[in-house]
Student: 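Shown below is the structure under consideration.
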Amino acid sequence: MPTPFRSALAGLVLAAIVAMPALAEGLKDEIVPTGKLRVAIAISPAGGAFWSTKTEAGYAGVPVDLGKAMAAQLGLPVEYVVHQNSGQITDAASKGTWDVTWLPKDPERETRILFGPIYEVADATYIVKPGSAVSNFATLDQPGIKVAAVNATTTMRGAIAHLKHAKVTGYQTYDEIFSLLKSGEIDAFALSRDQLNKMAQKIPGTRVLDETFKKTVTAVAVPLGHNQALAFISKFMAEATTNGTLRKAYDDNGLKDSPIRTE
């Protein structure tokens, strides 16, 4: 190899190292072991700050936009690893199939995943089927009442802890529960208030209960043991919150009226 070319190549390598200091000292093995940033997302028409949607061009959603911005900062391509719900993302954390995600956290998940800064806090409640006589938590929590939740989620665990008499059943997808509620095969659905308000507009006769049974917090996360990656994603989210990246992700995904809530 000619000396001038060798020198030029060495200069390019040095420039790349200087441009991406975040990948130094072992971080690459944690955050991009495959050479691309693999972002775990959950697909649903529910919307909000956690769920993503399938589009003709690929995927859309707050986690999709944040993953793209993080990959751009690393100077590497992004790949979206699709799941049906947050429980599936959690179960895959130990399998090495994704590098970073944004999802609701609770004490059970904190034993399996490392969480960074919170970027959304949502009120969890219930929507009741068309024509239901249920008007509050007291009339909902009765024997024989069937309540649905997305399986293995923080909301499902919260609903099980909250309801002492009604039966809570987990389903894999939002779409499945939507159909069951619309047909009246279930009495209620536990989810965040914002998402349920949108659902109520699509299913005439349903009603979102006024009370709140838990606060659901959503945060950036990496698999256990990825402490250098945790430091990187925490810094990324702090900067995204202050430089407008997070606000733009909200605005571009139908959340212009939703405040960013970090606590």
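Here the structure is a predicted model, which is why all the values come from computation and not from measurement.
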Student: For the residue pair Arg207 and Ser132, confirm or rule out a side-chain donor-acceptor distance under 3.5 Å.
Tutor: no
Student: Using modelled atom types only, decide if a donor and an acceptor are shared between the side chain of Glu30 and the backbone of Ala229 within a distance under 3.5 Å.
Tutor: yes
Student: Between the main-chain N or O of Val32 and the side-chain N or O of Arg38, is there a donor-acceptor pair closer than 3.5 Å?
Tutor: no
Student: Which heavy atom of Ala69 sits nearest to which heavy atom of Thr245, and what is that distance?
Tutor: CB-CG2, 4.0 Å
Student: Would the distance check show the side chain of Thr139 and the main-chain N or O of Asn136 forming a donor-acceptor pair, the cut-off being under 3.5 Å?
Tutor: yes
Student: With a cut-off of 3.5 Å and sequence neighbours excluded, list every side-chain donor-acceptor pair involving residues 143-154.
Tutor:
{"unit_1": "Lys146", "atom_1": "NZ", "unit_2": "Glu185", "atom_2": "O", "d": "3.1"}
{"unit_1": "Thr153", "atom_1": "OG1", "unit_2": "Val150", "atom_2": "O", "d": "2.7"}
{"unit_1": "Thr153", "atom_1": "OG1", "unit_2": "Met156", "atom_2": "N", "d": "3.1"}

Student: Applying the side-chain contact (heavy atoms from CB on, under 4.5 Å) test to Val220, which of Phe236, Trp102, Phe115 qualifies?
Tutor: Trp102
Student: Could you check whether Lys36 pairs with Glu79 (Lys NZ or Arg NE/NH1/NH2 to Asp/Glu carboxylate O, under 4.0 Å)?
Tutor: yes
Student: For the backbone of Glu211 and the side chain of Arg193, can you confirm whether one donor and one acceptor N or O come within less than 3.5 Å of each other?
Tutor: yes
Student: Under the salt bridge (charged side-chain N to carboxylate O under 4.0 Å, His left out) rule, what do Lys248 and Asp65 come out as? Steps first, then yes or no, please.
Tutor: CA-CA 9 Å; Lys248 186 176 187 303; Asp65 289 355; over 6 Å; no
Student: Begin from the C-alpha positions of Lys164 and Asp141 and carry the test salt bridge (charged side-chain N to carboxylate O under 4.0 Å, His left out) through to its verdict.
Tutor: CA-CA 7 Å; Lys164 309 305 179 186; Asp141 193 14; over 6 Å; no
Student: For Val81, is there any backbone N or O sitting under 3.5 Å from a side-chain donor or acceptor partner on His83?
Tutor: yes
Student: When you check the side-chain N and O atoms of Ser86 and Arg109, is any donor under 3.5 Å from an acceptor?
Tutor: yes
